[in-house]
Amino acid sequence: MMLLAYLRRQWKLLVLLAGIAAVFAAVFSLYDLPVEAVGYAAALCLALGAVLFGLGFRRFCARHRELRRLLDRAEEPVLPLPPAGDLLEEDYQALLTAVAAHRTRLLARERDKLEDMTDYYTLWAHQIKTPMAAAGLLLQEDPPPREQLEAELIKIGQYVDMVLGYLRLDSDSTDYVFCDTDLDALLRQAVRKFARLFILRHIALDFRETGRAVLTDGKWLSFVVEQLLSNALKYTPSGGTVRIYADGETLVIADSGIGIREEDLPRIFEKGFTGYNGRTGQKSTGIGLYLSRRVTEKLGHDLTIVSRPGRGTIARLDLSRRKRTME
């Protein structure tokens with residue numbers, strides 16, 4: 001089997017040698033040289049060719065066995081390749097090494113994504129139990145308080161929207177559709193979604209229409225606005241106020257809540273970071289602001305947070321980046 005493979009590998013060289021032998025035989029015959037002289041020269045050439053063929057075949061077999069051994073170790077991140085025999089083998093080995101390195105990077109990236117997703121789902125499952133348990137306790141009352149149940153369902157819906165946003169954000173099928181979006185209509189829709197929580201928690205809403213249209217993806221901008229409103233409601237005590245207004249081309253969502261400690265501010269957009277106030281009462285998953293920053297970066301907007309403990313929090317969403325190439 002290996003002999004046939006080696007012959008197929010060397011067939012061009014064998015054809016060339018046969019052609020050269022035929023040319024020499026024809027030339028010798030034209031000069032009427034003795035047959036013995038021609039035969040002796042042909043025998044010497046044949047003997048030398050046989051030796052070289054045997055050496056080449058032996059090297060071919062050794063190379064084949066070595067590569068087959070490496071095949072059994074193909075799962076290793078780095079393969080100890082044999083020394084290259086020529087320039088082409090060097091090129092093939094360089095190509096193989098580059099492919100293996102790329103595969104290793106892809107595997108590491110997928111492993112990191114899987115670990116991140118596992119960590120997030122573990123935290124998410126823990127957090128969503130809170131409104132579910134609260135809803136279960138409310139159902140035990142007779143009659144169940146409808147409004148409080150609706151509030152817990154809104155919280156569950158928020159967690160579901162958040163996990164869907166987390167999944168879609170890095171999905172290959174995620175498309176961003178940019179068009180002129182009525183900002184006030186988008187804000188009113190978000191406010192209506194949280195209207196029940198405003199009422200139940202006795203939080204006042206100061207909404208001043210902006211009168212602006214924004215070049216953005218309305219679905220993803222709604223996601224960011226809802227996350228900011230959810231945080232404002234979550235950390236604003238009863239009797240507080242949430243304000244929504246425009247400052248030039250910047251959308252501002254401000255609250256009179258508990259605020260954020262100064263040492264926590266630089267890390268609020270990190271995934272999984274909850275800060276001192278977020279850990280108090282197990283209120284935060286540490287993912288909402290992280291997702292909001294990721295989305296605004298993809299939309300070409302800018303999100304900043306200003307806050308002081310006990311003085312509330314101001315989220316500023318700069319929507320001024322209107323120039324972009326539409327494809």
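Atom set for the values below is all heavy atoms of this structure, side chains included, hydrogens, waters and symmetry mates excluded.
The side-chain heavy atoms of V224 and L291, taken from C-beta on, include no pair separated by under 4.5 Å. You'll find the side chain of R261 reaches within 4.5 Å of the side chain of D264, heavy atoms only. I244 is listed as a side-chain neighbour of L229, based on a closest heavy-atom distance under 4.5 Å. With a 4.5 Å cut-off on side-chain heavy atoms, V225 and L186 count as touching.
Nearest heavy-atom pair across L265 and S307 is CD1-O, 3.7 Å. Closest of all the heavy-atom pairs between A204 and F198 is O-CE2, 4.2 Å.
With hydrogens and angles left out, the side-chain atoms of D206 and T241 include no donor and acceptor closer than 3.5 Å.
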Test log, rule salt bridge (Lys or Arg N to Asp or Glu O under 4.0 Å), inputs R316 and D247: CA-CA 9 Å; R316 299 179 60 86; D247 181 11; 2.9 Å; yes
Stepwise side chain to side chain contact (heavy atoms under 4.5 Å, CB included) check, D91 with L95: CA-CA 6 Å; D91 293 338; L95 178 61; over 6 Å; no
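Here the side chain of D318 pairs no donor or acceptor atom with the backbone of T250 at under 3.5 angstrom. Listed for the D184 side chain is no donor-acceptor partner under 3.5 Å among the backbone atoms of E209. Using a distance-only test at 3.5 Å, with no hydrogens or angles considered, no donor-acceptor pair links the side chain of S230 to the main chain of E226.
Considering only residues two or more places apart in sequence or on other chains, T236 meets the side chain to side chain contact (heavy atoms under 4.5 Å, CB included) condition with I203, V242, D255, S256. The side-chain hydrogen bond (donor to acceptor under 3.5 Å, both in side chains) test applied to D182 returns no partner, not counting sequence neighbours.
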